[in-house]
S.K.: 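The structure is given below, and queries will be raised subsequently.
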Amino acid sequence: MKKEQQNNQASHPWHLLEHGFQAEEYRLNATLFSLGNGFIGLRGAFEEGFDPEPFSDGCYLNGVYASEPIRYGEAAYGYARNNQRMLTVPDAKAIHIWIDGERFNLAEGELLEYQRHLDMASATLERTLTWRSPRGKTIAFKMQRLVSQTEKHLLVLNLEITPVDFDGEIRLQSWIDGGFAQAERSDDPRLASPIDQQDIQWRDNSADGAYLALPLQVKSSGFSIRCAALHHIEDSSDVELSNLRSEDCVAAEYRIKARRNQLIRLTKYVAYFAEQHADPIETKALRHYLERCAGKCFADHARLQREQMDRFWRESDIQVSGNHRLQQGIRFNLFHLFQSLGRDGRTNIAAKGLSGDGYDGHYFWDTEIYILPFFLYTQPDLARGLLEYRHSILDSARARARELAIKKGALFPWRTIGGEECSAYYPAGTAQFHINADIAYAVRHYSQVTGDSDFLRDKGAEVVIEGARLWMEIGHYNSRRNNQFCINEVTGPDEYTALVDNNFYTNLMARAHLEYAAEVYQWLQSFDPAACQGLAQRIQLSPEEPQNWAKAAAAMYLPYDQSLGIHPQDDGFLNKPVWDFEDTPKDHYPLLLHYHPLVIYRHQVCKQADVVLGLLLQSSAFSVEQKRRDFNFYEPLTTHDSTLSACIHSIIASEVGYREKALGYFQQVARMDLDNHHNNTQHGIHTACMGGTWMCMVQGFAGMRLQDDTMHFSPHVPRGMDGYQFRLRFRGRTLALDVKRDSASYTLVEGKAISLLHGNKPIALQAPGKTLTFEITQVAEVSQ
Ligand code: BGC
């Protein structure tokens, strides 16, 4: 049976549907049906509970973590000391239900009807079901929820219950439950670690009729968290309300004399606030906040939510005609990116978003290279927030650099939440120095697309310059390589090859970083001499440093093998034997779960795009023929065991004319989580791959590249679609593309005139409303 059918997801372009409850997919669906607003993330677990095993079915707050010492069997100097783990905060969605003494639970009784439905147009979730209890009482439920897109701190749950064939007592226990669910213990490095209950200090809670509050303190990280709930029950005659309370749980209990066919409606307004080393909100203000929110019913909140989401989709949607499966996958991915994104300049976007605690909720380079482009070209202000976050952790990055004997500048953490390096395995963590260059690449990209010089002056320049200083310290002019600038002992993006000399990707990106840092310094000197001087003083920048960066960039060594005509991934890569793919059983992938790293490291085998990614990010430095040769060489060696890989292969395949391949990769990328291709979506979505989906459409099929501040397009429509449409923001303008099998239309929706390139043809859109249409001739598939 195909996975899609197993998941029981019909491919509706705007909805995700579960028809008929599938107990075995409960955890997977808890991820897929999760909701978030960039601050609160709520998994799609049931209000009444279901999962008997300890598994985090929780709620998360972006940026809120517990800190714990990393315990090494054998430690060494400079190893990362602490892990910052995204915290599962008290569960406030829990509502336990009894029907004349029988507890409602889908593991028992008979389910007569069931449907769950995520509406991506309005960011609301709805579950309707009819259930017969073991003693034969039939009852209909409708459960709705939303995590507000207009109120950062709010989530709203709406519960409707109708007895179908009886009069009797319905008991609703609505909880804020701090008895944190434990994460699974496992050898899988991608999973979260369990929670230390001793780290939580409970404060005075309150349970005052319909109002509940459960404050807590995380000792290790200094976070104060306030969680509160206010209930509203309609038609409150025949209702008795009481409270339950323990140290880490509070509840409101409603006993209702229910009548056949009479609807009971309970709305639960939940607020989460959190602040580090400060009180996030006063007790009274918290209650007032919820009273204000409860002034609107669920339908009112849903209306506001819809308006907000309409704005998001207007700016950010990609419409695909003629393919519902891909359309659903694309929308699902863009939707989850929006739900996961920290919007305050102090938080970022985790590898699993706010949909699960895989990777402990850490932020990686995924943000700058895979996720940022989507926001940058659709909602640039949100992209700016992601880069502001990097500026906010500069002090930690400087401290980390000193720990690695880097005397000047900063080393950004490979994985973190609050800024401290959390990678316990340095060969595939700290050694990925390329993160500095990835961040600088994103700052440059942001500046090119927005022209936002204030950001560059106030924050961007410091991030770029401090980051660039690292290369001068870890690299050197190598007399044995003709005095070219070499960088030793690093790990590139491909985590199946570690601690190598002259990783092609790292050197290529470091070259661009150093060039850009020198350019930014010069720009700042003329744009705002006082700001430049201030920065130079603050970071003790000597006048010759920028010259040294330019010199090192010009002398950067990039491995190249003349006989093969390709870029070796690093100095030693070609000396290794090729991995024995033929004798590797299918169930031994991903390799990282079946082979010791040393076995993997001594072979030619790639977990993910490395050289191939470099060809995309520094596209104009390489000819199409070169890209084709490199792609041909690396593709058979790449397992795509990371979900960050297939999207990049799709884009380069598009560019070099392997259209079928490009589509094949894209089909997987677009539905990575919906079809659970990597079998781990139960632990959370894959946000980088979701960003990669947007990149495949815009940079792959539409062929968009930015070169010398001009946008180039070379669009085509892959087989299986009739066409596609999307909008892009560029320097204050909005541009719309409409690509069909035989034509491509460019419209300037708003903003000043703009010049573009369609293929090699320069075109100019002079005024808003102007559309230019060009014929596309379908290029024949290039054979590999
Ligand atoms: C990939 C990394 C990525 C991380 C988080 C790993 O599997 O190899 O490149 O940053 O996942 O998504």
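Index from 1, following the sequence.
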S.K.: Identify, with sequence neighbours excluded, every residue that meets side-chain contact (heavy atoms from CB on, under 4.5 Å) alongside Ala251.
M.R.: Trp175, Leu244
S.K.: When you check the side-chain N and O atoms of Arg671 and Gln328, is any donor under 3.5 Å from an acceptor?
M.R.: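 Looking only at side-chain atoms, Gln328 and Arg671 do form a donor-acceptor pair, the distance falling under 3.5 Å.
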S.K.: Taking the six-membered ring for Trp and the full ring for Phe, Tyr or His, determine whether the centres of Phe273 and His153 are under 6.0 Å apart.
M.R.: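 Between Phe273 and His153, the centre distance is under 6.0 Å.
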S.K.: With a 6.0 Å cut-off (strictly less than), is the heavy-atom count around NZ of Lys219, excluding the residue itself, greater than 12?
M.R.: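 Yes, the 6.0 Å shell around NZ holds more than 12 heavy atoms from other groups.
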S.K.: For Glu307, is there an ion pair with Arg314 - N to carboxylate O distance below 4.0 angstrom?
M.R.: no
S.K.: Could you go through Ser133 and Glu102, starting from their C-alpha distance and side-chain angles, then the distance that decides it, and tell me whether this counts as side-chain hydrogen bond (donor to acceptor under 3.5 Å, both in side chains)?
M.R.: CA-CA 7 Å; Ser133 75; Glu102 284 182 285; 2.7 Å; yes
S.K.: Within the structure provided, determine whether Thr162 and Lys142 are in side-chain contact (heavy-atom separation under 4.5 Å).
M.R.: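 No; the side chains remain at least 4.5 Å from each other.
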S.K.: Please list, chain by chain and in numerical order, all residues satisfying side-chain hydrogen bond (donor to acceptor under 3.5 Å, both in side chains) with Arg259, sequence neighbours excluded.
M.R.: Asp238
S.K.: Using only atom types and a distance under 3.5 Å, with no angle test, would you say the side chain of His683 pairs donor to acceptor with the backbone of Leu28?
M.R.: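 No, His683 side chain to Leu28 backbone: no donor-acceptor pair under 3.5 Å.
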S.K.: Verify side-chain hydrogen bond (donor to acceptor under 3.5 Å, both in side chains) between Tyr363 and Asn62, making sure each step is shown before the conclusion.
M.R.: CA-CA 10 Å; Tyr363 313 140; Asn62 198 353; 2.7 Å; yes
S.K.: Test side-chain hydrogen bond (donor to acceptor under 3.5 Å, both in side chains) on Thr681 and Asn676; report intermediate values, then the result.
M.R.: CA-CA 6 Å; Thr681 294; Asn676 196 9; 3.3 Å; yes
S.K.: Can you tell me how the ring of Phe46 sits relative to the ring of Tyr26, calling it parallel under 30°, perpendicular over 60° and tilted otherwise?
M.R.: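 The rings of Phe46 and Tyr26 stand perpendicular, inter-plane angle above 60°.
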S.K.: Looking at every heavy atom in both Asn82 and Ser67, which two are closest together, and how far apart are they?
M.R.: CB-OG, 3.8 Å
S.K.: Once you round to the nearest 0.5 Å, how far does CG of Leu17 lie from OG of Ser11?
M.R.: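 It comes to 9.5 Å.
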S.K.: Sorted by first residue and then second, give each side-chain hydrogen bond (donor to acceptor under 3.5 Å, both in side chains) pair with at least one member in residues 30-41; sequence neighbours left out.
M.R.: Thr31-Arg43
S.K.: Quick one: salt bridge (charged side-chain N to carboxylate O under 4.0 Å, His left out) partners of Asp310, sequence neighbours excluded?
M.R.: Arg306
S.K.: With Arg132, which residues qualify under salt bridge (charged side-chain N to carboxylate O under 4.0 Å, His left out), at least two apart?
M.R.: Glu110
S.K.: Rounded to the nearest 0.5 Å, what's the gap from CD1 on Ile176 to CG on Asp91? Could you check?
M.R.: 9.5 Å
S.K.: May I ask you to check whether Tyr359 and Phe364 place their ring centers less than 6.0 Å from one another?
M.R.: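 Yes, the ring centres sit under 6.0 Å apart.
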S.K.: Only one of Lys93, Arg145, His96 passes side chain to side chain donor-acceptor pair (under 3.5 Å) with Glu47; say which it is.
M.R.: Arg145
S.K.: May I ask you to check whether Phe104 and Trp131 place their ring centers less than 6.0 Å from one another?
M.R.: yes
S.K.: Report the residues that fulfil side-chain contact (heavy atoms from CB on, under 4.5 Å) with Ser246, sequence neighbours left out, ordered by chain and then residue number.
M.R.: Asp248, Cys249
S.K.: With side-chain hydrogen bond (donor to acceptor under 3.5 Å, both in side chains) as the criterion, how do Arg203 and Gln217 come out once you've worked through the C-alpha distance, each side chain's angles and the decisive distance to 0.1 Å?
M.R.: CA-CA 7 Å; Arg203 294 291 170 87; Gln217 189 86 25; 3.3 Å; yes
S.K.: Excluding sequence neighbours, so at least two apart, what forms salt bridge (charged side-chain N to carboxylate O under 4.0 Å, His left out) with Asp366?
M.R.: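 For Asp366 there are no salt bridge (charged side-chain N to carboxylate O under 4.0 Å, His left out) partners, ignoring immediate neighbours.
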S.K.: Can you tell me if CG on Asp204 sees more than 12 non-hydrogen neighbours from other groups inside 6.0 Å?
M.R.: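 No, because the 6.0 Å sphere around CG of Asp204 holds 12 heavy atoms or fewer from other groups.
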S.K.: Counting C-beta onward and ignoring hydrogens, is there a side-chain heavy-atom pair between Phe312 and Met309 closer than 4.5 Å?
M.R.: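 SC-SC contact between Phe312 and Met309 confirmed.
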S.K.: I'd like to know if the side chain of Arg343 and the backbone of Phe338 have a donor-acceptor N/O pair within less than 3.5 Å.
M.R.: yes
S.K.: Give a yes-or-no answer on whether the side chains of Ser174 and Lys268 include a donor-acceptor pair shorter than 3.5 Å.
M.R.: yes
S.K.: Name every donor-acceptor pair, under 3.5 Å, that has one atom in a side chain of residues 278-291 and the other anywhere in the protein, sequence neighbours excluded.
M.R.:
from: Asp279; atom 1: OD1; to: Arg226; atom 2: NH2; distance (Å): 3.0
from: Arg287; atom 1: NH1; to: Asp208; atom 2: OD2; distance (Å): 3.0
from: Tyr289; atom 1: OH; to: Glu151; atom 2: OE1; distance (Å): 3.0

S.K.: Report the residues that fulfil salt bridge (charged side-chain N to carboxylate O under 4.0 Å, His left out) with Asp100, sequence neighbours left out, ordered by chain and then residue number.
M.R.: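 For Asp100 the salt bridge (charged side-chain N to carboxylate O under 4.0 Å, His left out) partners, ignoring immediate neighbours, are Lys137.
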S.K.: Taking atom types as modelled, is there a side-chain donor on Thr124 or Asp119 under 3.5 Å from an acceptor on the other?
M.R.: no
S.K.: Could you tell me whether a side-chain N or O of Gln22 sits under 3.5 Å from a main-chain N or O of His19, the two making a donor and an acceptor?
M.R.: no
S.K.: Looking at Ala210, is its backbone amide N or carbonyl O close enough to the side chain of His231 to form a donor-acceptor pair, meaning the two atoms are under 3.5 Å apart?
M.R.: yes
S.K.: Any Lys/Arg nitrogen of Asp344 or Lys152 sitting under 4.0 Å from an Asp/Glu carboxylate oxygen of the other?
M.R.: yes
S.K.: Is a donor from one side chain sitting under 3.5 angstrom from an acceptor on the other, for His678 and Asp673?
M.R.: no
S.K.: For Asn261, enumerate each residue passing the side-chain hydrogen bond (donor to acceptor under 3.5 Å, both in side chains) test, keeping only those at least two apart in sequence or located in another chain.
M.R.: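 With sequence neighbours excluded, Asn261 shows a side-chain hydrogen bond (donor to acceptor under 3.5 Å, both in side chains) to no residue whatsoever.
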S.K.: Could Arg255 and Glu253 be called an ion pair, given the rule that one side-chain N must be under 4.0 Å from one carboxylate O?
M.R.: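 Yes.
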S.K.: Verify, without hydrogens or angle tests, whether Asp300 (side chain) and Arg303 (backbone) share a donor-acceptor contact under 3.5 angstrom.
M.R.: no
S.K.: Establish, yes or no, whether the cationic atom of Arg116 lies under 6.0 Å from the six-membered ring centre of Phe21 and within 45° of the ring axis.
M.R.: no
S.K.: Among Arg415, Arg85, Lys352, find the one that has a side chain to side chain donor-acceptor pair (under 3.5 Å) with His362.
M.R.: Arg415
S.K.: List for me each residue that meets side-chain hydrogen bond (donor to acceptor under 3.5 Å, both in side chains) alongside Tyr269, sequence neighbours excluded, and say none if there are none.
M.R.: none
S.K.: Among all residues two or more places apart in sequence or in another chain, which pass the side-chain hydrogen bond (donor to acceptor under 3.5 Å, both in side chains) test with Gln305?
M.R.: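 None.
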